[in-house]
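Please read the structure below before turning to the comments.
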2 protein chains.
Amino acid sequence: MTIVQLEYVIAVDRHRSFARAAKSCFVTQPTLSMQVKKLEEELNVILFDRSKKPVMTTDIGRKIIAQAKIGLRSLKKIEDVINDEKDEIKGELRLGVIPTLSPYLLPLFITDFIQKYPQVNLVIEELISEHIIKKLNDDELDLGILVTPLNEKNLIETPLFYESFVVYMSTNHPLTKKVKVAFDDLNINEMWLLKEGHCFRNQAINICADQLLAESKNQLKFESGSLETLKRIVENQYGFTFLPELAMMTMEEIKKKYIRQFKTPEPVREVSLVVHRSFLKERLINLLKDEILDHIPVHLREKGERKLVEWV
Amino acid sequence: MTIVQLEYVIAVDRHRSFARAAKSCFVTQPTLSMQVKKLEEELNVILFDRSKKPVMTTDIGRKIIAQAKIGLRSLKKIEDVINDEKDEIKGELRLGVIPTLSPYLLPLFITDFIQKYPQVNLVIEELISEHIIKKLNDDELDLGILVTPLNEKNLIETPLFYESFVVYMSTNHPLTKKVKVAFDDLNINEMWLLKEGHCFRNQAINICADQLLAESKNQLKFESGSLETLKRIVENQYGFTFLPELAMMTMEEIKKKYIRQFKTPEPVREVSLVVHRSFLKERLINLLKDEILDHIPVHLREKGERKLVEWV
DNA sequence: TAGAAAACATAGATAAAACTGATAATTGCC
DNA sequence: GGCAATTATCAGTTTTATCTATGTTTTCTA
């Protein structure tokens with residue numbers, strides 16, 4: 001059994017074709033076929049059902065491939081160990097970011113970061129918290145940027161900054177007359193929410209917890225998948241929605257007029273870097289952290305008198 | 001990078017000598033030296049300090065080897081996947097057993113098991129619960145036999161049987177006059193205990209919890225490392241100790257006279273097979289389980305009216 | 001249903017590699 | 001300095017991963 005053989009088998013499984021798998025491995029089709037066959041003979045197992053078109057992985061093949069992937073991933077990590085130890089700023093960094101942060105936070109530092117460390121291959125995925133947590137546990141991500149605390153046993157959280165919640169309301173909303181809003185000012189029947197799965201949604205609900213307990217939860221309005229959609233709905237219809245501070249910063253000045261802060265203590269969310277307990281790439285992650293902290297408004301760094309809202 | 005190269009490197013690290021490592025890998029010393037050198041060149045890393053005698057692994061080498069071991073262990077598991085899937089009764093089964101079970105439980109089924117499945121390489125370690133839990137999490141054991149519940153997130157418990165606690169007392173002890181004992185009959189100043197780390201100790205303390213709260217815990221007597229020692233102390237000095245039911249069964253008839261059961265509900269400990277969430281060798285483990293259940297007294301299988309004592 | 005196309009297997013040749021045994025170089029120790 | 005032990009180097013052999021070319025089987029289409 002060789003590493004190359006396992007890579008070939010994984011490629012066949014992925015591409016469902018020997019020829020395409022061969023191409024993806026930069027070898028000819030016979031080479032790959034022979035090696036796959038050899039491995040099958042050594043293990044005394046049929047990995048692929050070649051009678052099916054396209055090629056089907058057998059049940060036992062699937063299990064073996066799953067195990068092989070785990071093993072090869074561990075061996076790949078040897079390179080990370082070396083890069084980290086040598087302080088060489090290179091390698092792959094797989095980053096997961098939640099949708100309510102990614103469009104507002106990433107543009108602030110990404111360009112500078114990839115220019116500064118051109119040898120680093122930054123792979124970014126936008127995922128909801130639940131999926132980031134799963135992928136961190138499955139070692140499919142090196143790092144997550146999400147809202148904490150999570151209380152996950154095997155994950156380590158490093159708080160980055162504290163971002164206030166603000167209220168964005170339609171132009172003709174009576175609350176625009178106030179300078180700051182209080183929780184009681186808000187009528188939850190006018191609130192537009194993100195759909196299930198977003199931590200921001202849970203926090204918005206928690207902020208209005210008192211009212212929600214009283215009223216039926218069924219009265220919540222149409223639920224959207226992105227904050228940008230919510231903003232547009234508020235602009236074109238009636239009502240309000242919550243926004244995180246960073247989302248507000250990129251808005252046109254004219255629209256900012258319809259944003260109101262909360263009275264002290266403002267509700268705030270804690271944004272953290274999250275890694276698995278067995279993480280590598282410490283140096284790389286620290287550089288990313290420094291880069292982020294250098295590019296966000298200074299006042300976000302400290303929580304101050306604001307009040308942390310949890311979501312789990 | 002090849003699997004063979006990594007095995008060579010691991011062997012050098014273990015044997016602290018290229019020549020001995022080569023022998024253990026069944027190749028000549030130049031072969032091994034060349035492959036190690038090639039790997040060092042490919043990774044651009046010095047793994048061993050050859051100027052030191054014996055050869056020293058470098059700091060970075062140690063980290064790489066640790067990671068390589070993890071990866072190779074995962075790849076080795078491919079064989080387990082196959083054995084399990086094919087229902088082939090072979091392979092290695094690494095079992096950890098706590099000291100208060102191992103001398104009494106293992107003799108009951110071990111001989112039959114290894115005769116029945118000669119292709120299975122059963123490796124047994126006697127360890128306290130804490131170490132078994134760690135080794136299960138680190139994938140250094142396939143299976144543990146210990147006292148549950150543990151409330152460990154990543155471990156799965158399968159109860160095997162329920163074993164009563166009994167009291168073993170010196171020949172001249174007044175309690176020998178009773179047929180059964182009650183918790184209140186026991187004077188904890190006369191109790192001999194296992195030392196820290198044994199779950200059996202914690203359970204013994206929990207059984208006498210009421211008295212212990214009242215008295216100072218400092219008054220506990222000399223603490224021994226094995227139940228056999230405790231038995232001997234009780235025989236030769238004054239006092240009593242707790243024993244698990246199986247430990248009693250192997251005693252001479254004459255000594256059994258100084259054993260007393262508790263009044264209903266008897267205190268009982270739950271003995272379970274414990275595996276990691278990501279366990280393999282399901283079939284093998286099931287066979288071992290059946291073998292154990294076939295060889296223990298039938299009345300242990302059900303808890304009945306007895307009262308479970310926890311220890312964590 | 002014949003014929004073309006696609007997909008995988010097989011065969012023979014080749015170049016890279018891994019291995020061996022002998023020998024040289026290095027290091028530690030007396 | 002010289003001996004013993006250990007690792008590196010060298011030359012020759014064997015193994016094997018790979019390639020190109022070809023064969024076989026299946027699938028799609030006219």
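Residue numbers begin at 1 in each chain, while the letters A, B, ... track the order of the sequences.
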Polar atoms only, N or O, under 3.5 Å: list the protein pairs with nucleotides 25-30 of chain C and their distances.
from	atom 1	to	atom 2	distance (Å)
C:dG28	OP1	B:Ser51	O	3.2

### Message
Testing the basics here: between B:Gln5 and B:Leu39, what is the closest heavy-atom pair and its distance to 0.1 Å?
### Response
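The answer is OE1-CD1, 3.5 Å.
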For B:Ile132, run the side-chain contact (heavy atoms from CB on, under 4.5 Å) check against B:Leu155, B:Leu150, B:Leu146, B:Asn137 and tell me which one passes.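 Going through B:Leu155, B:Leu150, B:Leu146, B:Asn137 one by one, the side-chain contact (heavy atoms from CB on, under 4.5 Å) with B:Ile132 is satisfied by B:Leu146 alone.
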Between [X] and [Y], a side-chain donor and acceptor under 3.5 Å:
{"X": "B:Ser33", "Y": "B:Gln29", "answer": "yes"}
{"X": "B:Ser278", "Y": "B:His276", "answer": "yes"}
{"X": "A:His295", "Y": "A:Asp112", "answer": "yes"}
{"X": "B:Asp49", "Y": "B:Thr58", "answer": "no"}

What is the distance, rounded to the nearest whole Å, between atom [atom1] of [X] and atom [atom2] of [N]?
{"X": "A:Glu41", "N": "C:dT10", "atom1": "CD", "atom2": "C1'", "result": "13 Å"}
{"X": "A:Lys37", "N": "D:dA17", "atom1": "NZ", "atom2": "P", "result": "14 Å"}
{"X": "B:Met1", "N": "C:dA18", "atom1": "CE", "atom2": "P", "result": "14 Å"}
{"X": "A:Phe18", "N": "D:dT24", "atom1": "CZ", "atom2": "C1'", "result": "15 Å"}
{"X": "B:Lys23", "N": "C:dT20", "atom1": "NZ", "atom2": "C1'", "result": "15 Å"}
{"X": "B:Arg20", "N": "D:dT6", "atom1": "CZ", "atom2": "P", "result": "7 Å"}
{"X": "B:Glu7", "N": "C:dC19", "atom1": "CD", "atom2": "P", "result": "11 Å"}
{"X": "B:Met56", "N": "D:dT7", "atom1": "CE", "atom2": "P", "result": "14 Å"}

- Message: Please check if the number of heavy atoms outside B:Met1 that lie under 6.0 Å from its CE is greater than 12.
- Response: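 Yes, enclosed.
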Rounded to the nearest 0.5 Å, how far does CG of A:Leu6 lie from CD1 of B:Ile78?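 Here the interatomic distance stands at 5.0 Å.
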Worksheet entry | Main-chain N/O of A:Val97 paired with A:Glu125 side-chain donor or acceptor, under 3.5 Å |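 A pair under 3.5 Å: no.
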Collect all protein-nucleotide pairs involving nucleotides 18-20 of chain D in which both atoms are nitrogen or oxygen and the distance is under 3.5 Å.
from	atom 1	to	atom 2	distance (Å)
D:dT18	OP1	A:Tyr8	OH	3.0
D:dT18	OP2	A:Tyr8	OH	3.4
D:dC19	OP2	A:Thr28	N	2.9
D:dC19	OP2	A:Thr28	OG1	2.8
D:dC19	OP2	A:Thr31	OG1	2.5

Query - Phosphate OP1/OP2 of D:dA17: any A:Lys38 side-chain N/O under 4.0 Å - result: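 Answer is yes, contact under 4.0 Å.
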